Amino acid sequence: MTAAKCCSVEDSIILGINFSHKPKSKAHHNGSESSSRPIGPMPSFRRLQVAYSGSLSTCSSQRINEDLAQTFGSDLFDFQLVELKGITQNFSRSYLLGEGGFGKVHKAYVDEGFRPGLKPQAVAVKHLDIEGLQGHREWLAEVIFLGQLRHPHLVKLIGYCCEEDERLLVYEFMPRGSLENHLFKRLSISLPWGTRLKIAIGAAKGLAFLHGAETPVIYRDFKTSNILLDSDFTAKLSDFGLAKMGPEGSNTHVTTRVMGTYGYAAPEYVSTGHLTTKSDVYSFGVVLLELLTGRRSMEKSRPKGEQHLVDWVRPYASSSRRLRYIIDPRLGGQYSVKGAKEMAQLAIQCVSLNPKDRPKMPMVVEKLEGLQNYKDMAITCGLWPPPTTKSSRVNGVSTKGGYCKPSPVAPIRKS
Ligand code: AMP
């Protein structure tokens, strides 16, 4: 969602600036995953968005479903509010999974026979808060994009409900919740290095799939709270409320109102409103840095030079000697030094100020998959603070090479 109500560090940005549109040469994209459903005829997305993006009263659930089915052969279920109230015990607090910018999310279970063709399973029911930050337009974008897109790294939309001014979405249930909760909630167990890598690869594949269509889909709100995790930590992208069709024909970008999340949005997008797939690549780089450091993209409670993650990391990322000062101390030194170094370099490439210097997502996937081959686990640093004993072994692991003190520590010499 654009902004989690609960989390003050994430500020949504809606600047509402109109920018001019300059066509240029055609950008080339590829890299969809074979097990996924190909992205369909894009003009239909636009037609549906235009047809239903008006006031709430224009939305008839039946009409949308018929239209989606006609256009895409959609297999979405059109639920009634009374059915969703029933399976969530009238949206009981005890079924609450979380709350984002769209509204509350409840867990529910659909039994055998709930709807013909729907297998018994746990689901997540998202209920639009009509006074919230997002509205009918975002609900519709989610139905249109996720109704059509199927991929192992996109969360599956099962159905929706549209009655009077009620808007709901029903998804497959993701047992491990969001990456944000795993990385940043104090009480959560730290994610091991291999799991972080797996999550990064899964999320990168999701983005590569979206960018790989004939007319690319720009996700526009890539961040840890929009990456959901399955029981085996398979990462899936959720929340297509801000997704946009990419440029067509000879255009290099689309021009839009600037929307997204501070700390993740690409600087050229914020300053010009020009949106390309490379804007998503920038946000991906920020998430990679969050996985490496265990710090949020923006932390206003930190000292001045450390508030903006990208700026803070840049001088450290180029050398493995310096890098250890910024690696998430919660990893306890258990990570591949080579892998971390290359991941940091890749992240820095992704957050290049010039969008042309950023890699394309299929290249990012390839690079990250290569890091899985590194079996060296760091013994160059251990948990901070170091033990008071003079022994050079802790828990059977050599501490030769010293301990990593969590930042802020290492001064960067300006040479
Ligand atoms: P969102 O509105 O998408 O930001 O969701 C708010 C919170 O609800 C997330 O941080 C998750 O913890 C939870 N959530 C959302 N969708 C799902 C899902 N499909 N499965 C499990 N938990 C979910």
Side-chain angles (χ1 to χ4, degrees), residues 1-14 98-101 133 176-193 195-197 199-200 202-204 207 219-229 233 235 237-239 242 259-267 269-270 279-317 323-332 335 340 343-344 346-348 350-351 384 404-410:
M1 281 299 144
T2 305
K5 278 183 191 159
C6 54
C7 314
S8 57
V9 286
E10 287 190 3
D11 298 328
S12 80
I13 42 175
I14 304 174
E99 187 171 3
L133 291 159
R176 294 198 186 268
S178 73
L179 173 60
E180 180 188 36
N181 288 346
H182 283 271
L183 263 187
F184 304 124
K185 287 275 146 77
R186 279 218 191 113
L187 293 176
S188 63
I189 295 166
S190 174
L191 292 169
W193 173 252
T195 309
R196 294 181 195 218
L197 196 48
I199 293 168
L207 270 189
Y219 184 68
R220 230 186 357 161
D221 204 15
F222 189 85
K223 57 185 179 182
T224 51
S225 59
N226 283 344
I227 300 170
L228 297 182
L229 303 171
F233 290 98
L237 307 188
S238 76
D239 269 330
L242 298 188
M259 295 177 85
T261 305
Y262 277 123
Y264 291 97
Y269 171 54
V270 174
S279 322
D280 281 345
V281 177
Y282 181 94
S283 312
F284 184 85
V286 176
V287 169
L288 269 190
L289 293 178
E290 291 184 314
L291 281 164
L292 272 169
T293 62
R295 288 192 179 201
R296 289 181 183 270
S297 60
M298 194 85 117
E299 290 189 21
K300 292 189 179 132
S301 57
R302 299 256 182 204
K304 262 229 142 60
E306 298 183 23
Q307 292 180 357
H308 197 265
L309 181 62
V310 172
D311 294 342
W312 175 65
V313 163
R314 257 187 231 283
Y316 290 89
L323 187 65
R324 65 198 175 104
Y325 292 109
I326 59 159
I327 296 287
D328 188 352
R330 298 212 312 160
L331 279 166
Y335 62 92
M343 194 195 268
L346 180 64
I348 291 297
C350 291
V351 297
W384 187 263
C404 294
K405 183 177 179 181
S407 55
V409 275

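Keep in mind that what you see is a predicted model, and the values were worked out from it rather than measured.
- Residue Ser279 comes nearest to Ala266 through the heavy atom pair CA-CB, 3.9 Å, listed as atom of the first residue, atom of the second, then distance.
- Atom NZ of Lys223 is separated from atom OG1 of Thr261 by 3.0 Å, given to the nearest 0.5 angstrom.
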Step-by-step side chain to side chain contact (heavy atoms under 4.5 Å, CB included) determination, Met343 to Tyr335: CA-CA 12 Å; Met343 194 195 268; Tyr335 62 92; over 6 Å; no

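- Between Thr224 and Tyr264 the shortest heavy-atom distance is OG1-OH, 3.4 Å.
- Taking 4.5 Å as the limit, some side-chain heavy atom of Leu179 sits within range of a side-chain heavy atom of Leu291.
- The shortest heavy-atom contact between Arg196 and Ser190 is NH2-OG, 3.1 Å.
- For the side-chain contact (heavy atoms from CB on, under 4.5 Å) test with Thr293, the passing option among Leu183, Val313, Leu288, Ile327 is Val313; the others fail.
- Formation of a donor-acceptor pair under 3.5 Å by the Asp328 side chain with backbone atoms of Leu292 is not found in this model.
- To the nearest 0.5 Å, the span separating CG on Asn226 from CZ on Arg220 amounts to 12.5 Å.
- Note: Phe222 and Phe284 have tilted aromatic rings, judged against thresholds of 30 and 60 degrees for the angle between ring planes.
- Counting only residues at least two apart or in different chains, ring pair (Phe, Tyr, Trp, His ring centres under 6.0 Å) contacts with residues 287-309 are absent.
- In this structure, the separation between CZ on Arg314 and CG on Leu309 is 10.5 Å, given to the nearest 0.5 Å.
- Distance OG/Ser178 to NZ/Lys185: 6.5 Å, rounded to 0.5 Å.
- Annotation for Ala203 and Ile227: closest pair CB-CD1, 4.1 Å, computed over non-hydrogen atoms.
- Shown here for Ala317 and Ile348, the closest heavy-atom pair between the two residues is CB-CG1, 3.5 Å.
- Residues Asp239 and Asp221 have side chains not in contact (no heavy-atom distance under 4.5 Å, counting atoms from C-beta outward).
- Residues Leu331 and Pro192 approach most closely at CD2-C, 4.1 Å, considering heavy atoms.
- Two residues are said to be in side-chain contact when any heavy atoms from C-beta on lie closer than 4.5 Å; Trp312 and Arg302 fail this criterion.
- Expressed to the nearest 0.5 Å, how far CG of Asp311 lies from CD of Glu306 amounts to 12.0 Å.
- The structure places SG of Cys350 at 11.0 Å from CG of Asp280, a figure rounded to the nearest 0.5 Å.
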